[in-house]
Amino acid sequence: MTIRNCLLAFAMPITVLAGLSIAMPVARAADDACAQSGKQSKAPGWDVAGRLAQREDCLAGRGRAYRDGVTQGVQQRVQSGRNTVNAVRNMPQTQMDRVRAAGTAEQNSLNALSQKTRADAASVLTGGL
C-alpha cells in the first residue's frame with residue numbers, strides 16, 4: 001500500500017466523523033424546533049439522517065403554513081381593495097339614487113299637501129257642506 005492510499009484510508013473515517021459532528025447539532029436543533037411546533041421526533045438519538053428528514057418535513061410544513069397565510073392575507077387585501085374601488089365607482093350612482101329617493105319622498109309629501117289644500121279650499125268654497 002502506498003502512503004497516499006494509507007492517508008486516504010485514514011482520512012475517510014475522519015471525513016465521515018466530521019460530517020456527523022456537523023450534522024448532529026443540526027439534527028438536535030431540528031428536534032427542538034419541531035418539538036416547539038408540536039411535532040415530536042420519533043427517530044432514535046443515533047439516527048441522524050432520520051432526524052434530519054423529519055426536520056426537513058417539519059420545516060416544509062411550517063413553510064407551507066407561512067405561504068398559505070401570506071397568500072390568504074394578500075387575497076384578503078386584494079378583495080378589500082376591489083370592494084373599495086367598486087364602492088368609489090358606484091358612489092355617483094348611489095348618490096343619484098339617494099337624491100331620487102329624496103325627490104320622490106318630497107313629491108309625495110307635496111302631493112299629499114296639495115290634496116289637503118284642495119280639500120280645504122273646497123270646504124271653504126262650499127261653506128263646509
Side-chain angles (χ1 to χ4, degrees):
M1 213 185 248
T2 64
I3 294 177
R4 182 177 178 190
N5 288 342
C6 289
L7 289 175
L8 283 175
F10 181 69
M12 283 299 258
I14 291 175
T15 305
V16 170
L17 289 176
L20 285 177
S21 67
I22 292 170
M24 288 296 265
V26 173
R28 284 196 184 103
D31 291 343
D32 293 340
C34 285
Q36 291 172 358
S37 70
K39 292 184 178 179
Q40 293 294 331
S41 175
K42 294 173 186 62
W46 54 266
D47 187 12
V48 176
R51 288 180 14 210
L52 285 174
Q54 285 180 345
R55 169 68 172 165
E56 183 181 355
D57 293 343
C58 176
L59 289 176
R62 289 170 67 188
R64 280 190 298 274
Y66 178 77
R67 182 196 63 214
D68 293 344
V70 168
T71 302
Q72 185 178 14
V74 167
Q75 288 173 347
Q76 287 174 349
R77 286 191 299 269
V78 166
Q79 187 60 43
S80 174
R82 286 180 181 155
N83 292 345
T84 303
V85 167
N86 288 338
V88 169
R89 284 183 182 160
N90 294 333
M91 190 176 293
Q93 184 63 38
T94 304
Q95 289 175 345
M96 184 60 101
D97 291 343
R98 206 175 305 142
V99 168
R100 282 186 184 137
T104 303
E106 188 65 27
Q107 180 143 12
N108 290 340
S109 68
L110 286 175
N111 287 340
L113 181 61
S114 85
Q115 287 176 356
K116 183 178 183 291
T117 305
R118 283 189 192 125
D120 289 347
S123 173
V124 168
L125 291 176
T126 59
L129 299 173

Pairs in or reaching into residues 75-92: which pass salt bridge (Lys or Arg N to Asp or Glu O under 4.0 Å), with residues at least two apart or in two chains? none
Please identify each residue that fulfils side-chain contact (heavy atoms from CB on, under 4.5 Å) with Arg67, with sequence neighbours left out. Arg64, Thr71
Set of side-chain contact (heavy atoms from CB on, under 4.5 Å) partners for Glu106, sequence neighbours left out: Ser109, Leu110
Backbone of Ala119 reached by a side-chain donor or acceptor of Ser123 within 3.5 Å: no
So, using salt bridge (charged side-chain N to carboxylate O under 4.0 Å, His left out) as the criterion, who are the partners of Asp120 when residues are at least two apart? Lys116
Spatial distance of atom CZ (Arg55) from atom CG (Leu52) [nearest 0.5 Å]: 9.5 Å
Counting only pairs under 3.5 Å, give me each side-chain donor-acceptor contact of residues 92-104, with atom names and distances, residues two or more places apart or in other chains.
from: Gln93; atom 1: NE2; to: Asp97; atom 2: OD1; distance (Å): 3.0
from: Thr94; atom 1: OG1; to: Asn90; atom 2: O; distance (Å): 2.8
from: Thr104; atom 1: OG1; to: Arg100; atom 2: O; distance (Å): 2.8

Scanning both residues in full, the closest heavy-atom pair of Ser114 with Asn111 reads OG-O, 3.1 Å
My understanding is that only residues two or more places apart in sequence, or in another chain, count here; which of them pass side chain to side chain donor-acceptor pair (under 3.5 Å) with Gln79? Asn83
Running the 4.5 Å side-chain criterion over Ile, Leu, Val, Met, Phe, Trp and Tyr, what cluster does Val70 land in, apart from itself? Tyr66, Val74, Val78
